Amino acid sequence: MEDERKTPEMRAQMTDVERLRHSTAHVLATAILKIWPEAQFAAGPPVDNGFYYDVDLPHRISPDDFEKIEAEMKKEIKANHPFERMEVSRHEALELGKKGRLAALTDRDQPSKFKLDIIENIPTDEKISLYRNGDFIDLCAGAHVMRTGNIGAFRLTSVASAYYKDDEKNPQLQRVYGTAFKTKKELDEHFAMLEEAKKRDHRKLGKELEIYIIDEDVGPGLPLWLPRGAAIIEELEKLAKETEFAAGYQRVRTVNIARERLYKKSGHLPYYAESMFPPMELSEDVEAIKRDELTREESDIASTVQRSNSSTKYYLKAMNCPHHHKLFAAVPRSYRDLPLRLAEYGFCHRYEQSGELFGLMRVRSMQMNDAHLYMTPEQFGAEFNAVNEMYLNYFKLFGLDKYLMRFSTHDPTKLGQKFVDESELWKQTEEMTRRVLKDSGINYVEVPNEAAFYGPKIDVQVWSVIGREFTIATNQVDFAQPRLLNLVYKDRDNTEKTPLCIHRAPLGTHERFIGFLIEHYAGNFPLWLSPEQVRILTITDEPQLLDYSRAILNELRGHQVRAEIDTSTDKINGKIQRAEQMKVHTMFVIGKRDMEASAVSVRLHGRGNLGAKSRGEAIADILSSIKERRA
RNA sequence: GCCGACGUAGCUCAGCUGGUAGAGCAGCUGAUUCGUAAUCAGCAGGUCACGGGUUCGAAUCCCGUCGUCGGCUCCA
């Protein structure tokens, strides 16, 4: 973890509301100390939508304590103490810390251990400052509001645990979260907004709209798709297949398991074993194992993996690349075959830590919009660019505009350790990637030292409705695996060369992408993606009317439209209510009047009654909207 | 995986400090034949996540397991 200390310049740039929240964190600490004087504090920064303060305390703070703590905070705000800044020498700061006087109201028996540690990490050339409000003195670089009374409206929101300095090896502290605004009105609006956001949560909508389930008997993180969810999957795959076909991709199919050997050879196993499902051991092909003794090199790669003399192991695949690489290697390749683009909606399984699972967004089984592109170095720029274009076209189609492209590069000092030792290739591919990004005028951030071990990558970050950040799509350069798996093509000059590989997944995985789309559209999918595109609602269930309605239903289905008919004995209002609740995109309301005019009354979800249209026109509208994938 | 909270009918939830479960919706049956967000009535539905323990008695208290949620670490 890098040092995330803010520079004095960054402090000066804190927004007013950040100052306010940071100051509220100090007031929170003040209040906690009044109740539990032995509390030890670590860091208390402002964050998106609020602030937190990490505290080490034998008492387990629970939401039941919030009222008491907030009451103390209110007293401190009412007292309207000024926030006084004091600059001290390193020595003075350390002395105060030893007396337990930092992040405290008085001297104490125990030193302010976390604060002492933080002082140790402040660069020697940087000034050390304290902030004081009332009796509370804290080691803090600022910035703060003038007085505690400037804090307008605040509320404690939750308590969770967090590792000190965000490191799993450090002890866990209690992290008390809160939020603060200048006015009560803003605070109320903030909570109203959160309530709205919860209604869009894909886990809630996914259940209500019957898109997917996660069943305990099947297992955590293993979503099953109901027909409505499967319909969305089919549409996404259709989109991907059409797009990729037009872009010169070829589809392949691979299996879901492979022998341990494959992952040993690809070099994945030592790195990925942790995040793979444990292997299945089969004893039947021991002979095969004996025949296929590994070379010394392969054994070295696999040295961390235990070998068995009596059985062979099969792994559920966690990634598609090794399988695709095998397909590349299966046929002699000429430079004339390149670029070769192999695509598959591959099923992958990863054993994610239980605490990481999150609805559809973080699962253990996933279907990936995967493809591997093999090319010569000269072809790289054009291929990478084309992949990027594909992304942007998809995003335009989905009206996705709040995303961040994160360009991860290597750190030259870590060549040969964290990154494969190919200085020139790193430089080349990174420069080519950077140019593609610049030329297309996309906003992106460059993050050094975050690349994959086999090459630089671009991740597209989006945010779930409750503010969690996710990588929705990825575009990675790989110049290591082709070598590990001995992938070669015969070049013009009759020599064998190793291709470059691009690993890309513009639509990410079905799970995460659909989870995201549910929230993005708040469940109101465009017609082409709608699980149920048209529902026919009959005013009565008289036989003639049913015949007419069923004929329309059959016509729609004949055109592959996902249409249903509601022939229940409810009144029309009841039928509409149910269709609206399921967010059915288009409703055809059909009564006697419509039948006699050979028409239907069209009603759109959320937009109400559009009035009668001729049967032919209404159906033609549906078909063209679907065909064009209109928003 | 770690810390904390939670887990009652298909869904949303009620069930006070322990006295062996209740509503609405959905479902089923019947009646109603109705023009743009809920027609009426009846019926049925629960080893209160699971397993132990305390107790005369546990949905309620304790322990463990599983799962979910909020975070942390991690990631498509």
Side-chain angles (χ1 to χ4, degrees), chain A residues 1 52 54 60-64 157-177 201 203-204 207-208 210 213-217 219-221 274-275 318-320 346 348 350-364 366-370 457 459-462 466 468-476 503-513 515-516 537-543 545 568-581 587-594 601-612:
Chain A
M1 184 86 205
Y52 66 79
D54 283 344
R60 285 267 150 224
I61 296 175
S62 82
D64 297 339
T157 50
S158 64
V159 57
S161 88
Y163 298 103
Y164 179 53
K165 287 184 176 175
D166 290 343
D167 189 332
E168 209 173 2
K169 291 189 265 310
N170 286 333
Q172 284 199 320
L173 308 173
Q174 302 188 60
R175 178 166 290 181
V176 183
Y177 282 89
D201 192 314
R203 292 166 298 182
K204 182 176 160 64
K207 186 185 274 183
E208 287 172 358
E210 295 176 14
I213 58 158
I214 292 178
D215 185 277
E216 283 193 26
D217 287 340
E274 278 297 292
S275 54
M319 67 296 290
N320 301 306
C348 296
R350 298 182 186 171
Y351 193 75
E352 304 289 353
Q353 296 186 66
S354 60
E356 252 82 278
L357 302 175
F358 179 70
L360 283 178
M361 305 290 249
R362 191 72 185 277
V363 294
R364 284 178 174 164
M366 66 210 89
Q367 299 168 70
M368 205 180 292
N369 172 223
D370 216 350
K457 61 174 179 175
D459 288 325
V460 185
Q461 304 300 113
V462 294
I466 62 166
R468 271 200 217 192
E469 184 181 348
F470 288 96
T471 301
I472 195 87
T474 187
N475 187 6
Q476 311 184 345
H503 172 130
R504 42 110 280 175
L507 297 176
T509 62
H510 281 323
E511 288 71 18
R512 187 171 287 179
F513 204 78
F516 179 78
L537 313 176
T538 54
I539 303 268
T540 68
D541 60 356
E542 288 159 308
L545 198 56
S568 66
T569 59
D570 283 296
K571 284 166 64 171
I572 191 64
N573 280 340
K575 295 186 185 184
I576 286 170
Q577 167 88 7
R578 283 207 312 251
E580 291 280 356
Q581 276 171 347
M587 287 151 270
F588 283 179
V589 176
I590 301 179
K592 221 179 212 162
R593 286 207 303 265
D594 302 293
S601 292
V602 179
R603 181 189 169 98
L604 296 185
H605 168 60
R607 277 192 272 169
N609 186 7
L610 300 190

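Everything numeric here is computed off the predicted structure, so don't read it as measured data. In what follows, every chain begins at residue 1, and chains take the letters A, B, ... in the order their sequences are listed.
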Atom pairs and distances, donor-acceptor, side-chain atoms in residues 504-511 of chain A, under 3.5 Å, two or more places apart:
unit_1   : atom_1 : unit_2   : atom_2 : d
A:Arg504 : NH1    : A:Glu244 : OE2    : 3.4
A:Arg504 : NH1    : A:Tyr249 : OH     : 3.4
A:Arg504 : NH2    : A:Glu244 : OE2    : 2.9
A:Arg504 : NH2    : A:Asn369 : O      : 3.0
A:Thr509 : OG1    : A:Arg512 : N      : 3.1
A:His510 : NE2    : A:Glu237 : OE2    : 2.8
A:Glu511 : OE1    : A:Gln367 : N      : 2.9

Residues passing the ring pair (Phe, Tyr, Trp, His ring centres under 6.0 Å) test with A:Phe588, sequence neighbours excluded, are none
Sorted by chain and residue number, the ring pair (Phe, Tyr, Trp, His ring centres under 6.0 Å) partners of A:Tyr163 (sequence neighbours excluded) come out as none
Under 4.0 Å, heavy atoms only, any strand: does [X] hit a base, just the sugar-phosphate, or nothing?
X        : value
A:Asp594 : base
A:Met368 : nothing
A:Lys575 : nothing
A:Asp570 : base

Reading nucleotides 63-71 of chain B from 5' to 3' and marking B where a protein heavy atom lies under 4.0 Å of the base, S where only the sugar-phosphate is that close, and - otherwise, the string is ----SSSBB
Those residues at least two apart in sequence (or on a different chain) that pass side chain to side chain donor-acceptor pair (under 3.5 Å) with A:Glu469 are A:Gln461
Sorted by chain and residue number, the side chain to side chain donor-acceptor pair (under 3.5 Å) partners of A:Glu352 (sequence neighbours excluded) come out as A:Arg362
The Watson-Crick or G-U wobble partner of B:U33, with both key distances under 3.5 Å, is none
How far does the P atom of B:A37 sit from the matching atom of B:G24, given to the nearest Å? 25 Å
